[in-house]
Protein chains: 2
Amino acid sequence: MMYSIIETLKKNQLSITDSRKKILELFVKAKGALAHADIEHQSGTEFDRVTIYRTLQTFVEKGIIHTIPTSDNSVRYALCKDACTEGHHHDNHVHFMCDVCGTTYCLDNITTPDVKLPEGFRSTQTDLVVSGVCAKCAN
Amino acid sequence: MMYSIIETLKKNQLSITDSRKKILELFVKAKGALAHADIEHQSGTEFDRVTIYRTLQTFVEKGIIHTIPTSDNSVRYALCKDACTEGHHHDNHVHFMCDVCGTTYCLDNITTPDVKLPEGFRSTQTDLVVSGVCAKCAN
DNA sequence: AATATTTTGCAACAATGTTGCAATGTTGTA
DNA sequence: TACAACATTGCAACATTGTTGCAAAATATT
């Protein structure tokens, strides 16, 4: 953690509100990625559903979090390690999704390969999603 | 195309019904992947929404089509080239999703890399999704 | 502290997906 | 071909997920 939650919000020119502090805190504490529903449950009845949607949207726009394509096509968001410190470089993520517990891990130390695309295709983003069983669920 | 639509259904021990024939035909004709909504529009008012959901589910279970994780987390299904002929080997797909026209392409001739996972993690499936601009939208 | 701006919560709505059940269609067998 | 057994469909009702407009409340600016 290089920056505090409040500093991260300020750096991104966002007003400091309860919901933003709380939701960003959830991401910082979370080991893996969070779905909208996770946030809704973990924050209790504290915030309106709509506020959560809008907060997530705002965070994505500012590059604080990013969405993860998952093999079950549920929407998940993650704050990767460099997200706080380096900004918008969300091009080379490898994610692991556990089929048992559903946790999504960011494998920050692995980078995506370069893919040779057919003639005329241009790539802007590459996502590599590995599904399987995580270490915790292996036993 | 090695097998006709009816033969494909028979091979998978499915009864031959109008909706299955029609929906499978849509996949065979489609260049890329289809979302539920695409199928709903392309088949007109012919079938109930529920029937489409159930048919897609059945096809996924039988390994005729498979879901694609997309960068915008919309659910898409595709019949990859080998799906008809070889069955259930949906482990090594590379998909390209055009940010402009939304078409999803299966890049069947490219295989996903082996990823070295952390200690204790076991992989069952690897999905590589490249987003960008396709050849058709490049101009 | 007062005003300007942003964010929130509510309500209403739209889209997407699921389930139970009766009616219909398909398949296998005689 | 006709019948019985079985599978699939369509309908209705519902659950979940996501979106929009607007007044009230909170935050930021002076």
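Convention: sequence-line order gives letters A, B, ...; per-chain numbering from 1. Predicted model only: the values in this text are computed from it and were never measured. Computation of the quantities below employed the complete heavy-atom set of this structure, encompassing side-chain atoms and omitting hydrogens, waters and symmetry-equivalent molecules.
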Rounded to whole Å, how long is the line connecting atom [atom1] of [X] with atom [atom2] of [N]?
| X | N | atom1 | atom2 | answer |
| --- | --- | --- | --- | --- |
| L9(B) | dT27(C) | CG | C1' | 14 Å |
| D48(B) | dA23(C) | CG | C1' | 13 Å |
| E61(A) | dT6(C) | CD | P | 14 Å |
| L56(A) | dG18(D) | CG | P | 10 Å |
| H36(B) | dG17(C) | NE2 | P | 7 Å |
| D38(A) | dT16(D) | CG | P | 15 Å |
| K62(A) | dT7(C) | NZ | C1' | 14 Å |
| E40(A) | dG9(C) | CD | C1' | 14 Å |

For E46(A), answer base if it contacts any base atom (sugar-phosphate contacts may also be present), sugar-phosphate if it contacts only those atoms, and nothing otherwise; contact means non-hydrogen atoms under 4.0 Å.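 Sugar-phosphate only.
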Just by modelled atom types, is the [Y] backbone N or O under 3.5 Å from a matching donor or acceptor in the [X] side chain?
| X | Y | value |
| --- | --- | --- |
| R20(B) | S15(B) | yes |
| T124(A) | S131(B) | yes |
| D48(A) | V50(A) | yes |

For residues L107(B) and V129(B): do they belong to one hydrophobic cluster (side chain heavy atoms under 4.5 Å, members Ile, Leu, Val, Met, Phe, Trp, Tyr)?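 They do not share one cluster, since no chain of ILVMFWY contacts under 4.5 Å joins L107(B) to V129(B).
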Quantify the bending of the helix from dA1(C)-dT30(D) to dA30(C)-dT1(D) as the angle between its end axes, each fitted on five pairs, to 10°.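 So the angle between the two local helix axes works out to 40°.
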Picking from T8(B), L26(B), L9(B), what satisfies side chain to side chain contact (heavy atoms under 4.5 Å, CB included) with K21(B)?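 Result for side chain to side chain contact (heavy atoms under 4.5 Å, CB included) with K21(B): L9(B).
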Quick one: does H36(B)'s side chain get under 4.5 Å of I52(B)'s, heavy atoms only?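 Answer yes - side chains close enough.
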Could you go step by step and tell me if H95(B) and R76(B) meet the side-chain contact (heavy atoms from CB on, under 4.5 Å) rule? CA-CA 11 Å; H95(B) 292 108; R76(B) 281 160 187 277; over 6 Å; no
Taking every non-hydrogen atom, the tightest pair across A138(B) and G120(A):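 So the two residues come closest at CB-O, 3.9 Å.
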Heavy-atom contacts, protein to nucleotides 19-30 of chain D, under 4.0 Å, summarised as B (base), S (sugar-phosphate only) or - (none) per nt, yield BBB-----SS--
May I ask you to decide if the ring planes of F96(B) and Y105(B) are parallel, tilted or perpendicular, using 30° and 60° as cut-offs?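 Aromatic pair F96(B)/Y105(B) classed tilted.
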